[in-house]
Amino acid sequence: MNILILGSGGREHAMAWKLSRSKKPVKIFVAPGNPGTGEIAVNLPIDPLNFETVKSAVLSEAIEMVIVGPEAPLVEGIRDYFEADPALRQITVIGPNRKGAMLEGSKDFAKAFMMRHNIPTAAYESFTADRIDEAEKFLKTLKPPYVLKADGLAAGKGVLILNDYSEALCELKAMLAGRFGSAGEKVVIEEYLNGIELSVFVITDGLSYKILPEAKDYKRIGEGDRGKNTGGMGAVSPVPFATPAFMSKVEKKIIVPTVEGLKAEGMDYRGFIFFGLMNVDGEPWVIEYNARMGDPECEVVMPRIESDILDLFTAVAEHRLSEQSVVISDKTAVTVMLVSGGYPDEYKKGFPITGLETVTDSIAFHAGTRYSEGRPVTGGGRVIAVTSTGKDIGEALEKSYRNASLIHFEGVYLRRDIGYDLRIKA
Ligand code: AMP
Ligand code: GLY
């Protein structure tokens, strides 16, 4: 089967890697991909948001299945585009339609969905610029820290958490005045949840679902979870505090009502659902939904799935996921992200990456790389995700850090404390 993965990061490299291990004959294409995916798949120089060129490639390469990595093409309606075109209609798209992707594309939509289906989430209200006085009144009823969220996609920068009331009010006004462009025309103000975060993933065919390995993401740039938010500096799976008792609450209170809610609202959601959860004293609350896999979580989730992922995707396409079983490895997977110096602020690109060929016992997933004169160079903030598995967190981390030290580019930075909090608690 010819399969096209859309995207260019570590998540897409990890998906391509997993698909390349399928027992079935597959030919994998990645658009646009990166030097890492180029080693195991055919890269196509295509922008996933240019649906016309995606269509041409799909037809000329006889693609039968398209897996959408990032959120933007989903929110822009790539599945609707395929379903509306007689030449594309029979091609499987793994990813929800535009309506389903609103779980990620609109925080106000996601919050209202959770309210309708009784899914635990922080109390909130949404406001547009014409209701600034009411927004101010609502903010006053809350205790600090104050949580402000731009409604739409804002490249991960749309959430502000502020301790000071007057600062929060000032930021709220700036958001409603257009700080995040159209993404911030509506602002969600919500209660602060105090706990530990984790990411839970399911794949669904709209009727039933399978729970995939959960993961903990390390979002801050600095060790000890200090400093600015990033796309994710590392991840660990499984998460020790996601005990069977906790996960059974997640399933009963969050996963089942979400999948049932999507079904009841006629969404025909087929793809991944990413639940960003907060564990507050042993109770799960939803912070956010995403309509895709996480990155870097995908780099630890894929290595723990033992089943053939193509069987899962095919079952999703054919609405027969309930017949499938998913075997998950009991090994621990960790990934450590090597990032460009300066990230998440400004950083330079184009530095040669050396040592990739010396990696053993780990997989170097390419996150932000490109070719220059035939050699991989840095091409983004997050550059390489070094994933390893082991019998426990310690063994997996030892491999990842040993291999990370072999990979070099100018200005390379990594967090040395990925998973340490979990080791202490484990
Ligand atoms: P999001 O962009 O929705 O993932 O939010 C970014 C980060 O803000 C989350 O990963 C949490 O760490 C934090 N956050 C969002 N909402 C809340 C909340 N209600 N309470 C506490 N932290 C939150
Ligand atoms: N690692 C968080 C995300 O993919 O949104």
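When a ligand or atom number is given, it counts from 1 through the structure's own listing order.
Using a 4.0 Å cut-off to heavy atoms of Lys149, the atoms of ligand 1 that qualify are 3 (O), 15 (C), 16 (N). Ligand-side atoms of ligand 2 in range of Gly294: 4 (O), range being under 4.0 angstrom from any heavy atom. Under a 4.0 Å criterion applied to the non-hydrogen atoms of Lys107, ligand 1 contributes the atoms 2 (O), 3 (O). Heavy-atom contacts of Lys219 reach the following atoms of ligand 1: 10 (O) (cutoff under 4.0 Å). Counting atoms of ligand 1 from 1 in the listed order, those under 4.0 Å from a heavy atom of Leu193 are 18 (C), 19 (N), 20 (N), 21 (C). The atoms of ligand 1 that sit less than 4.0 Å from any heavy atom of Ile161 are 8 (O), 13 (C), 14 (N), 22 (N), 23 (C). In summary, the atoms of ligand 2 found under 4.0 Å from a heavy atom of Glu297, numbered by their order in the structure, are 1 (N), 2 (C), 4 (O). Taking a cut-off of under 4.0 Å to the non-hydrogen atoms of Gly231, the atoms of ligand 2 that pass are 1 (N).
The cationic group of Lys55 does not satisfy the cation-pi geometry with Phe51, failing either the under 6.0 Å distance to the six-membered ring centre or the 45° limit from the ring axis.
Contacts with ligand 1 closer than 4.0 Å are made by backbone heavy atoms (N, CA, C, O) of Glu191 only, the side chain lying farther away. The side chain of Arg292, and not its backbone, has at least one atom closer than 4.0 Å to an atom of ligand 2 (non-hydrogen atoms only; side chain from C-beta on).
At under 3.5 Å, not a single nitrogen or oxygen of Asn229, backbone or side chain, sits near a nitrogen or oxygen of ligand 1. Backbone and side-chain nitrogen or oxygen atoms of Tyr192 are examined, and none is located within less than 3.5 angstrom of a nitrogen or oxygen of ligand 1. Between Glu288 and ligand 2, no pair of N/O atoms sits closer than 3.5 Å.
Summarising the contacts of atom 11 (C) of ligand 1 with Glu197, Glu288, Met278, Arg220, the nearest heavy atom is found in Glu197.
Under the 4.5 Å side-chain criterion, counting only non-hydrogen atoms from C-beta, Phe201 is not in contact with Phe275. Under the 4.5 Å side-chain criterion, counting only non-hydrogen atoms from C-beta, Ile63 is not in contact with Ile3.
In terms of protein heavy-atom proximity, atom 2 (C) of ligand 2 is closest to Asp217 OD2, 3.5 Å.
The minimum heavy-atom distance between Val75 and Gly105, with the atom names listed, is CG2-CA, 4.1 Å.
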Atom pairs and distances, side-chain donor-acceptor, residues 328-337, under 3.5 Å, sequence neighbours left out:
{"residue": "Ser329", "atom": "OG", "partner": "Lys331", "partner atom": "N", "Å": "2.9"}
{"residue": "Thr335", "atom": "OG1", "partner": "Val386", "partner atom": "O", "Å": "3.4"}
{"residue": "Thr335", "atom": "OG1", "partner": "Thr387", "partner atom": "OG1", "Å": "2.9"}

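Within the 4.0 Å heavy-atom cutoff, Ser199 does not count among the residues contacting ligand 2. Under the 4.0 angstrom criterion for non-hydrogen atoms, Gly276 is not in contact with ligand 2.
With sequence neighbours excluded, no residue satisfies salt bridge (charged side-chain N to carboxylate O under 4.0 Å, His left out) with Asp164.
Salt bridge status for Lys210 with Asp205: absent, with no side-chain N to carboxylate O gap under 4.0 Å. Under a 4.0 Å N-O distance rule, the pair Glu83/Arg270 qualifies as a salt bridge. With respect to the salt-bridge test (charged N to carboxylate O, under 4.0 angstrom), the residues Arg11 and Glu299 do not qualify. Glu223 has no carboxylate O lying under 4.0 Å from a charged side-chain N of Arg415, or vice versa, which leaves the two without a salt bridge.
By the 30° and 60° cut-offs, the orientation of the rings of Phe127 relative to Phe138 is tilted.
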